[in-house]
Each structure stands twice: as structure tokens, then as C-alpha cells.
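Quick note: numbers below take in every heavy atom, side chains included, and nothing from hydrogens, waters or symmetry partners. These figures come from a predicted structure and were not determined experimentally. Below, read A as the first sequence line, B as the second, and so on, with proteins coming before strands; counting in each chain starts at 1.
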Number of protein chains: 2
Amino acid sequence: MNGKRLNPHISIDCVLFGFDFEKLHVLLIDRGRYHSDFLHESIQYALPGDLIYMVEDLDEGAMRILKDLTGLHNIFMEQFGAFGNPNRMNSEADQRWLRSIRSEPEERVVTIGYFSLVKMTDYVPVASSFAKSAVWVPVNEVTELAFDHNELLEKALGSLREHMQTRPIGFNLLPPKFTLGQLQKLYEAIHDREIDKRNFRRKIMKLGIVKELEEKQKGVAHKPARFFSFDKGRYEELLEEGFQNFKL
Amino acid sequence: MNGKRLNPHISIDCVLFGFDFEKLHVLLIDRGRYHSDFLHESIQYALPGDLIYMVEDLDEGAMRILKDLTGLHNIFMEQFGAFGNPNRMNSEADQRWLRSIRSEPEERVVTIGYFSLVKMTDYVPVASSFAKSAVWVPVNEVTELAFDHNELLEKALGSLREHMQTRPIGFNLLPPKFTLGQLQKLYEAIHDREIDKRNFRRKIMKLGIVKELEEKQKGVAHKPARFFSFDKGRYEELLEEGFQNFKL
DNA sequence: CCAAAAGTGTTGAAGTTACACCCATGC
DNA sequence: GCATGGGTGTAACTTCAACACTTTTGG
């Protein structure tokens with residue numbers, strides 16, 4: 001029975017994206033606060049990640065890490081690359097941290113990156129969670145991360161953008177009911193550019209992957225918007241027809 | 001000095017694509033012919049690959065493998081995924097082969113897949129090369145491969161197709177001078193569908209990433225076609241403008 | 001009444017598809 | 001002279017980009 005032994009050579013790092021109807025966020029682990037008393041540098045963040053188990057598939061490992069961290073499962077995840085620069089963990093601060101959490105801190109580790117899309121409301125980090133201290137940070141406010149994690153984040157973002165062109169995965173970042181304005185903001189946040197409202201709505205409606213609901217917004221200081229939900233059936237129909245153009 | 005020690009946990013497998021003006025090919029290693037006397041099954045092929053060195057970046061490793069196998073360097077390569085199913089090497093035949101070539105055949109190995117584009121004329125496998133016995137096989141005639149290599153090949157092909165939509169990497173499969181007919185055949189081979197000749201030519205010419213040469217074909221039993229060459233300067237200009245649509 | 005986002009059509013330009021015939025060459 | 005692939009234009013259709021005003025609500 002070695003199912004639970006760690007494989008000290010291979011890790012998985014997860015880039016969890018979230019959306020608050022304004023900006024695209026990424027979930028980071030604060031590694032400065034509870035280790036390393038003589039880190040007087042400013043707090044440094046890292047992507048959540050872990051070594052894989054000896055007997056565990058990569059996809060499984062990624063889902064385990066996400067589950068352990070957030071309690072969520074059955075979440076959209078996608079591998080976006082492997083990173084194995086032999087010096088990727090060699091900085092002073094990285095080594096110090098590794099010595100505090102790994103039994104073989106010197107070991108070279110190749111990491112596999114996964115990104116996943118999480119409804120931010122489904123996971124609200126608890127301020128004083130004792131095990132990990134996680135926090136949602138707007139992607140465009142991320143500063144220097146541990147290891148090669150800035151590179152991972154860049155790649156993850158690029159991969160997310162590419163994926164969005166061929167599958168409407170963005171819906172994973174929204175609650176079951178959403179307005180077209182919110183959907184548009186999501187696309188704008190991910191692609192970091194403005195989109196024409198009328199053109200956007202026309203395109204989405206033509207695709208037909210969205211169902212109009214009866215319900216409308218309440219308590220907003222403007223004309224209340226209609227809610228929509230993602231039409232999974234219609235989406236799968238489109239896929240079967242070989243359709244795969246969700247460009248906006 | 002441990003630069004040359006092998007890392008028994010991580011390997012790289014290379015999917016080398018080639019094009020003979022007719023079909024898309026992939027370079028496979030025949031592992032049945034020189035090991036394993038008691039393999040009376042039919043010959044089985046595998047993708048070329050190797051463990052990485054202890055101190056070696058993944059991209060470096062991929063280039064090393066390609067160089068060792070073909071003598072080629074400075075070749076287009078692109079990572080397309082990591083594969084770590086714990087059972088990926090557990091079949092009878094795979095284990096038998098591993099025992100003959102690895103010092104730790106039981107070790108679990110995660111592999112990183114790279115695909116690369118090679119001018120078939122630049123590498124003609126020698127029939128009796130003693131070290132390896134490699135062979136170009138048309139992609140759509142590939143049968144059962146070792147390990148999870150069929151899966152790798154599928155992924156590589158998908159990744160190649162995707163990449164072709166945003167960068168004109170296909171030129172790496174052609175000689176410096178080529179005809180538009182050959183270029184079209186390349187696109188047809190990779191995407192596995194027919195393309196209208198006139199529309200294809202119009203689109204390519206509009207892009208302007210191809211330069212007309214004076215020279216024409218000779219000795220062909222039909223109207224000789226004009227040669228073209230890839231216009232790298234123009235291509236880089238396009239990239240700077242943010243252009244990235246090479247759909248056909 | 002003011003601010004804020006919702007909702008709604010038209011037009012011109014660009015891009016895409018489908019389609020058929022003559023040309024130059026080797027054998 | 002015939003088989004082979006090279007080379008060429010047009011018309012219908014679809015998609016895309018740009019653009020401005022009225023509506024409904026809360027405060």
C-alpha cells in the first residue's frame with residue numbers, strides 16, 4: 001500500500017480563476033505569513049500546488065489539490081503545460097520555504113500546470129483559515145510570485161483565452177443565473193478589451209447557448225436586466241455538429 | 001558533475017511530423033527488431049523519447065533527443081502536454097522492453113510530449129542504422145503503439161492543427177522553395193479535408209507571407225508550377241501588428 | 001430629476017464559398 | 001493527342017464593425 005506516498009519529483013500547480021462581475025481574479029497562497037520568521041521582505045504569494053502521489057494520475061492530482069484547498073469538486077480543469085527549468089526553485093526565498101515544508105527540499109521538481117474556473121461565490125477564503133491562507137487577487141494586480149509562478153500564470157491566462165475561442169467555458173465562472181451584461185463583462189475581463197454591447201448580444205443570441213429566464217434583477221438602480229442561464233443541451237448539439245467558434 | 005545523470009522519473013517523447021508532398025508522416029522507432037528475442041508478436045513501434053538528464057530544461061531535453069536521433073537541430077518544437085497515468089507503462093510488452101533498456105524499469109515515469117516539424121528530406125532514416133531503427137509512417141496508417149503513445153500522437157496532431165490556425169508553422173515541413181500546390185496539399189494533409197484551389201491561393205497571396213520566385217518546376221508532365229518561398233520578414237511584420245489568423 | 005445600466009437595428013465593408021475553363025508540359 | 005496539375009475571376013452569401021437613442025429603476 002503506497003497509494004499515499006508522495007512522488008518528490010513531480011508536482012502540480014493550479015491556477016484557479018474567479019470572476020466577481022468586475023475583474024478576473026486568481027487564487028493565491030500567502031506563504032509569507034506563517035513560515036519563515038526572518039522573511040522581512042514583503043509577503044510573497046504562490047500558486048496553490050503540491051507534489052503528486054506515487055499512484056495518482058495527473059488529472060486526479062489536480063482535482064485533489066483543488067478539493068483539499070477549496071472543498072470544491074467537479075470543477076472545470078485543464079492542463080496548460082509542464083515546467084521544468086532546473087533552476088526554477090533555486091532562489092533564496094524559495095529554498096527557505098521548501099526546507100520548511102518538504103522532506104527533500106533539494107530535489108528537482110518538474111511541475112504540471114492546470115488552470116480551473118471557479119465561481120468566486122463558491123469559495124470564499126476564510127481570513128484565518130489555519131492550514132492555508134488563500135486570497136483572491138485581481139490578475140492584473142499580481143506582483144512577483146514564488147518560483148516560476150508568474151510564468152505559469154501567464155501561460156494559464158493565454159491558455160484560458162485560447163480555450164474560450166473554441167468552447168464557451170467562461171460560463172463556469174458565472175452563477176447559474178446571470179445577465180448578458182455580466183457575461184459581457186466576463187469576456188471583457190478575460191480578453192482585456194471592450195466589446196460592443198449590441199454586437200455582443202446579437203452574437204450570443206444567435207449561438208443560442210443561452211436560455212432566457214422569466215426572472216429579472218431586483219433592487220438595482222437602473223432598468224433591471226433579464227436573467228439567462230447556460231443552455232448545455234444546445235451547446236452539446238452544436239459540438240456534435242462540429243461547431244467550435246465562440247469568438248467574440 | 002551530475003549534468004549527465006539521468007532523471008529516472010521524467011521523460012520526453014517527441015512526435016516528429018514530416019511531409020512528402022502527399023501525406024503527413026510521423027517518425028516511429030521500431031522496438032521489436034533489436035530487443036526481445038521472445039517477442040513473436042508483430043513489430044511494435046514507439047515514439048522516440050528518452051529520460052531527461054538531472055540538470056536539463058525540458059525544451060533542451062526535447063532538442064537533445066531530436067538531435068541524437070536525426071542529427072538535426074534548430075528545428076521547430078512545441079510542447080503539447082504531460083502524460084502521467086500511473087499505468088501507462090504496465091503492459092507486458094512495455095515492461096519487457098523497459099527491462100532491456102532501463103536501469104530502473106519499474107519506476108513510474110511522467111512524460112512530456114513535444115511535437116516538431118521536420119523536412120522529410122532533411123532526415124532519411126538509414127535502413128540499417130544500428131543504434132535505432134526509425135521509420136517514417138503515414139499518420140493515418142499508424143497502428144497500435146507502445147505505452148500511451150497513440151494518445152500522445154492524437155494530442156500532438158490536435159495541437160499541430162490548433163497551432164496552424166494562429167501561426168503559419170506549416171512552412172517548417174516544406175523545403176525552402178515550394179509550389180502553391182504543394183503548400184495546399186500540406187494543409188489538406190494536416191487538416192484532412194479538401195480545400196478549393198482558387199480560394200486557397202487567393203487567401204495565401206493576400207496574407208503576403210509568401211514570395212514569388214523566378215524559378216519554375218522542371219521535368220514535370222504538366223504545366224510547370226512557379227516556386228515560392230516563405231517570407232519571414234513579412235510574417236514577423238504581421239505578428240507585430242497583432243495579426244494571428246492563418247485559418248484555411 | 002439624475003445617474004446608471006438595459007435594451008434595441010441598420011448599414012457598409014470584409015470575408016467566405018461555390019464554381020469551370022484554358023494552359024503548358026512529358027510521354 | 002492525352003493525361004496531369006497549373007493558373008485564373010465572379011457572384012451570392014455571411015459575417016463583422018461601427019454607431020445613438022429610449023427605457024426603467026433607485027436614490
Side-chain angles (χ1 to χ4, degrees), chain A residues 19-23 164-166 168 174 177-189 191 193-229 238 241-248, chain B residues 19-23 164-166 168 174 177-189 191 193-229 238 241-248:
Chain A
F19 180 62
D20 64 352
F21 301 130
E22 280 299 326
K23 292 173 169 184
M164 297 266 302
Q165 316 259 325
T166 48
L174 292 172
K177 296 171 190 176
F178 50 86
T179 70
L180 293 184
Q182 291 168 341
L183 183 58
Q184 181 178 343
K185 276 233 171 90
L186 170 60
Y187 273 87
E188 290 179 332
H191 292 111
R193 68 183 168 94
E194 296 200 340
I195 300 174
D196 179 272
K197 202 201 317 186
R198 280 175 286 191
N199 293 339
F200 178 83
R201 293 163 101 94
R202 189 180 314 120
K203 194 147 186 178
I204 289 288
M205 294 320 276
K206 177 133 64 126
L207 284 177
I209 51 174
V210 111
K211 273 196 300 258
E212 195 171 327
L213 303 178
E214 286 310 311
E215 196 178 347
K216 291 189 181 179
Q217 281 183 318
K218 270 183 215 152
V220 289
H222 55 78
K223 180 170 173 178
R226 181 172 291 276
F227 281 117
F228 291 78
S229 69
L238 282 173
E241 290 168 25
F243 188 91
Q244 57 167 99
N245 184 0
F246 295 90
K247 288 240 178 94
L248 296 156
Chain B
F19 181 60
D20 64 354
F21 301 129
E22 280 300 326
K23 293 173 168 183
M164 297 266 301
Q165 316 259 326
T166 48
L174 292 172
K177 297 170 189 178
F178 50 85
T179 70
L180 294 184
Q182 291 168 341
L183 183 59
Q184 182 177 342
K185 277 234 171 88
L186 170 60
Y187 273 87
E188 290 178 333
H191 292 111
R193 69 183 167 92
E194 296 199 339
I195 301 175
D196 179 89
K197 203 203 313 187
R198 280 177 285 193
N199 294 339
F200 178 82
R201 294 164 101 94
R202 189 179 315 122
K203 195 147 186 178
I204 289 287
M205 295 319 279
K206 177 132 64 126
L207 283 179
I209 50 173
V210 111
K211 270 197 302 258
E212 195 170 328
L213 303 179
E214 286 310 312
E215 196 179 346
K216 289 189 182 180
Q217 279 182 319
K218 269 183 216 152
V220 289
H222 55 78
K223 178 170 174 180
R226 181 172 291 277
F227 281 117
F228 291 78
S229 69
L238 282 172
E241 291 168 22
F243 188 89
Q244 57 167 98
N245 183 1
F246 296 89
K247 288 239 176 95
L248 296 155

>> Looking at A/K23, is its backbone amide N or carbonyl O close enough to the side chain of A/D20 to form a donor-acceptor pair, meaning the two atoms are under 3.5 Å apart?
In response: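 Answer holds: yes.
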
> With A/F178, which residues qualify under ring pair (Phe, Tyr, Trp, His ring centres under 6.0 Å), at least two apart?
Replying inline: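 Residues passing ring pair (Phe, Tyr, Trp, His ring centres under 6.0 Å) with A/F178: A/F171.
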
> Nucleotide range of DNA chain C contacted by chain A, 5' to 3', under 4.0 Å to a heavy atom?
Replying inline: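 Boundary nucleotides touching chain A, in 5' to 3' order, are C/dA3 to C/dT10.
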
>> Go nucleotide by nucleotide along DNA chain C from the 5' end; which of B/L248 and A/K223 gets its closest nucleotide reached first?
In response: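 Of the two residues, A/K223 wins.
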
>> Quick check: on DNA chain C, is the nucleotide nearest B/K197 upstream (toward 5') of the one nearest A/K197, or the reverse? Name the residue that is more 5'.
In response: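 The residue closer to the strand's 5' end, by nearest nucleotide, is A/K197.
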
>> Run the side-chain hydrogen bond (donor to acceptor under 3.5 Å, both in side chains) test against A/Q244 and tell me which residues pass, sequence neighbours left out.
In response: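 None.
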
Please tabulate, for side-chain N and O atoms in residues 208-219 of chain A, each donor-acceptor pair with protein atoms closer than 3.5 Å (sequence neighbours left out).
from, atom 1, to, atom 2, distance (Å)
A/E212, OE2, A/R226, NE, 3.1
A/E215, OE1, A/K177, NZ, 2.5
A/Q217, OE1, A/A225, N, 3.0

> Going 5' to 3' along DNA chain D, which nucleotides are the first and last within contact of chain B (any atom under 4.0 Å from a heavy atom)?
Replying inline: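 In short, chain B contacts DNA chain D from D/dA3 to D/dT10.
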
> Between residues 198-219 of chain A and DNA chain C, which residues have a heavy-atom gap below 4.0 Å?
Replying inline: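 Those residues are A/R198, A/R201, A/R202.
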
>> Which heavy atom of B/N245 sits nearest to which heavy atom of B/L207, and what is that distance?
In response: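 Minimum heavy-atom contact is O-CD2, 4.3 Å.
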
>> Show the nearest heavy-atom pair for residues B/E188 and B/I195, with the distance to one decimal.
In response: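 Here B/E188 and B/I195 meet closest at OE2-N, 2.9 Å.
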
> B/G181 or B/D196: which one's nearest nucleotide on DNA chain D is closer to the 5' end?
Replying inline: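 It is B/G181 whose nearest nucleotide is closer to the 5' end.
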
> What class does the angle between the rings of A/H191 and A/Y187 fall in, given that below 30° is parallel, 30 to 60° is tilted and above 60° is perpendicular?
Replying inline: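 Parallel, since the angle between the ring planes stays under 30°.
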
> Mind checking whether A/F21 and A/F19 have parallel, tilted or perpendicular rings, split at 30° and 60°?
Replying inline: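 It falls in the perpendicular class, over 60°.
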
> Distance from A/K185 atom NZ to A/L180 atom CG, nearest 0.5 Å?
Replying inline: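 One finds 13.0 Å between NZ of A/K185 and CG of A/L180.
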
>> Assess the residue pair A/K206 and A/R202 against the criterion (side chain to side chain contact (heavy atoms under 4.5 Å, CB included)); give the C-alpha distance rounded to whole Å, side-chain angles, the decisive distance to 0.1 Å, and a yes or no.
In response: CA-CA 6 Å; A/K206 177 133 64 126; A/R202 189 180 314 120; 5.6 Å; no

